[in-house]
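Just below is one structure, and these are the notes that go with it.
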Protein chains: 2
Amino acid sequence: MLQVVSARRELPILGQAQPERSDAARNRQKIIEATTRLIAEHGTEQLSLDEVARAAGVGVGTVYRRFGDRSGLLLALIDEHERRFQEAFLSGPPPLGPGAADRDRLRAFLHALVDRIRGQEGLFLMLEKGVRYSGPYQVHHTHVATLVAGVRPGCDAHFLADGLLAPLNANLICRRGYSIERIKSGIDQLVDLL
Amino acid sequence: MLQVVSARRELPILGQAQPERSDAARNRQKIIEATTRLIAEHGTEQLSLDEVARAAGVGVGTVYRRFGDRSGLLLALIDEHERRFQEAFLSGPPPLGPGAADRDRLRAFLHALVDRIRGQEGLFLMLEKGVRYSGPYQVHHTHVATLVAGVRPGCDAHFLADGLLAPLNANLICRRGYSIERIKSGIDQLVDLL
DNA sequence: TTTGTAAACGGAGACCCCTCCGGTTATCGT
DNA sequence: ACGATAACCGGAGGGGTCTCCGTTTACAAA
């Protein structure tokens with residue numbers, strides 16, 4: 001059985017032997033609260049960590065020591081909801097949790113993940129600064145959608161085209177550790193399903 | 001038939017009536033060349049636009065007027081290869097170009113896209129600054145891979161899990177204009193294929 | 001050639017992320 | 001209670017992105 005995993009555990013280089021010192025924990029809390037407040041007031045778009053530090057009444061260095069970087073702070077905010085979410089699909093009631101058929105659990109999980117992302121939309125968008133859906137992507141998308149419609153008439157070719165193109169990003173291809181052969185054969189499996 | 005599309009066309013707010021002034025075109029070229037040179041020398045990782053401007057012998061304002069922002073400059077570098085790529089799959093020989101069966105063209109296109117991304121790996125990685133594959137993602141991935149293996153034994157469940165999770169990103173869900181119902185029903189179509 | 005003007009130029013500077021390090025403090029063994 | 005010490009604190013500062021706006025320049029019309 002998988003364990004619920006908190007993003008926070010990742011910060012210390014090699015697992016924390018000692019618990020946090022009391023002033024550190026206090027400051028962590030102050031920073032989280034200040035961030036939540038600032039986002040509520042000014043939106044996620046323009047969130048400056050300098051400002052967070054000022055609002056929390058700590059130095060900017062403290063923010064970075066506690067959370068590593070901007071993403072770390074955002075992940076910490078995401079983390080609280082994440083914990084509940086993980087409990088739901090790891091040990092909650094079916095169809096999300098154990099008990100239902102694999103296919104139903106899979107469907108339920110993916111649906112729940114969509115809702116979860118919508119629930120913290122602003123935070124997730126900040127984490128994905130990347131530039132997709134612009135320029136060449138449009139052409140690729142139209143091309144793939146046309147072919148998908150040819151292969152499998154009646155399906156939602158537009159959405160499936162996005163679905164097929166989504167795994168083809170540099171992070172997955174270059175940084176996830178798959179060999180090129182494996183990626184291409186995985187793609188073939190996907191195409192064969194159609 | 002689709003037209004080859006260049007990223008550059010997007011910069012002017014509403015299509016360029018006039019062609020670029022000669023000094024502007026000259027500077028665009030100098031900037032592209034300087035960028036290429038700097039990347040060749042110091043890698044894509046640490047590319048500063050201030051430095052680009054200095055190396056090109058123009059002011060930093062010029063860089064931003066020509067390319068909008070950092071991503072715009074990177075897209076411009078990507079664009080030259082992109083044009084050849086688009087010609088290949090829009091009008092080149094089969095199986096990439098027209099003439100082969102849709103399924104084969106689709107497979108060929110996706111394979112070619114993988115190679116293309118590998119070919120300009122550094123540039124594509126810079127465009128996707130986002131933080132995936134960290135924290136909660138690992139848990140989601142393991143969960144989905146387990147379910148996929150249950151639904152379809154013998155497939156590459158690890159890769160397919162990444163493939164299923166890839167479309168579930170905030171940009172696609174929140175910015176692409178799909179309704180939630182459509183996204184979920186599209187996901188159902190994907191799951192049903194398994 | 002001259003001249004008007006829209007476009008382009010460039011760099012100072014606002015703002016941001018993150019690091020570094022000298023000073024401070026919580027915690028623990030005595 | 002009291003050092004010893006490891007962890008924490010804060011903010012100055014380096015380096016980056018991008019904007020703003022006074023100045024310059026290419027181009028076309030006269």
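Numbered from 1 within each chain, the chains take letters A, B, ... in sequence-line order.
The side chain of Ser48(B) places an N or O atom within less than 4.0 Å of a non-bridging phosphate oxygen (OP1 or OP2) of dT17(D).
Whole-Å rounding puts the Glu51(B) CD to dG16(D) C1' distance at 11 Å. To the nearest angstrom, C1' of dG16(D) lies 12 Å from CE of Met126(B). Rounded to whole Å, the distance from CD1 on Ile31(B) to P on dA8(C) is 12 Å. One interatomic measurement links the two molecules: CG of Asp69(B) to C1' of dG16(D), which rounds to 14 Å at whole-angstrom precision. Following rounding to the nearest Å, Leu74(B) (CG) and dT17(D) (P) show an atom-to-atom distance of 10 Å. Remark: P of dG15(D) and CD of Glu45(B) are 18 Å apart, rounded to the nearest angstrom. Distance CD (Gln46(A)) to P (dC16(C)): 8 Å, rounded to an integer number of Å. For the pair Tyr64(B) OH and dG11(C) C1', the interatomic distance rounds to 13 Å; values are reported in whole Å.
Judged purely by atom type and a 3.5 angstrom limit, Asp79(B) has no side-chain atom pairing as donor or acceptor with the backbone of Glu82(B). Under the 3.5 Å distance criterion, the side-chain polar atoms of Glu128(B) are matched with a main-chain donor or acceptor of Ala170(A).
Along DNA chain D, the nucleotide closest to Arg54(B) and the one closest to Ser22(B) are compared, and the more 5′ of them pairs with Arg54(B).
Of all nucleotides listed (dA26(D), dC18(C), dC18(D)), dA26(D) comes nearest to the side chain of Arg26(B).
Under the ring pair (Phe, Tyr, Trp, His ring centres under 6.0 Å) criterion, no residue pair touches residues 21-41 of chain B, with sequence neighbours excluded.
Contacts of Leu47(A) with the nucleic acid, taken as non-hydrogen atoms under 4.0 Å apart, involve only primed sugar atoms and P, OP1 or OP2.
Exactly one residue among Arg182(A), Arg175(A), Arg176(A) makes a salt bridge (charged side-chain N to carboxylate O under 4.0 Å, His left out) with Asp162(B). That residue is Arg176(A).
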Nucleotides 8-13 of chain D: which of its N/O atoms have a protein N/O under 3.5 Å away?
from    : atom 1 : to       : atom 2 : distance (Å)
dC8(D)  : OP1    : Arg66(A) : NH2    : 3.4
dC9(D)  : OP1    : Asp23(A) : O      : 3.4
dC9(D)  : OP1    : Asn27(A) : ND2    : 2.5
dC9(D)  : OP2    : Arg65(A) : NH1    : 2.8
dC9(D)  : OP2    : Arg66(A) : NH1    : 3.0
dG10(D) : OP2    : Gly59(A) : N      : 3.0
dG10(D) : OP2    : Thr62(A) : OG1    : 2.6
dG10(D) : O5'    : Gly59(A) : N      : 3.4
dG10(D) : O6     : Arg65(A) : NH2    : 3.4
dG11(D) : O6     : Gly61(A) : N      : 3.3

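Between His141(A) and Tyr137(A), the ring-plane angle classifies as parallel under the 30° and 60° cut-offs.
Remark: Arg116(A) CZ to Phe124(A) CZ distance equals 4.0 Å, nearest 0.5 Å.
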Just do the salt bridge (charged side-chain N to carboxylate O under 4.0 Å, His left out) check on Arg28(B) and Asp23(B) with the steps written out, would you?
-> CA-CA 9 Å; Arg28(B) 172 190 297 280; Asp23(B) 50 348; over 6 Å; no
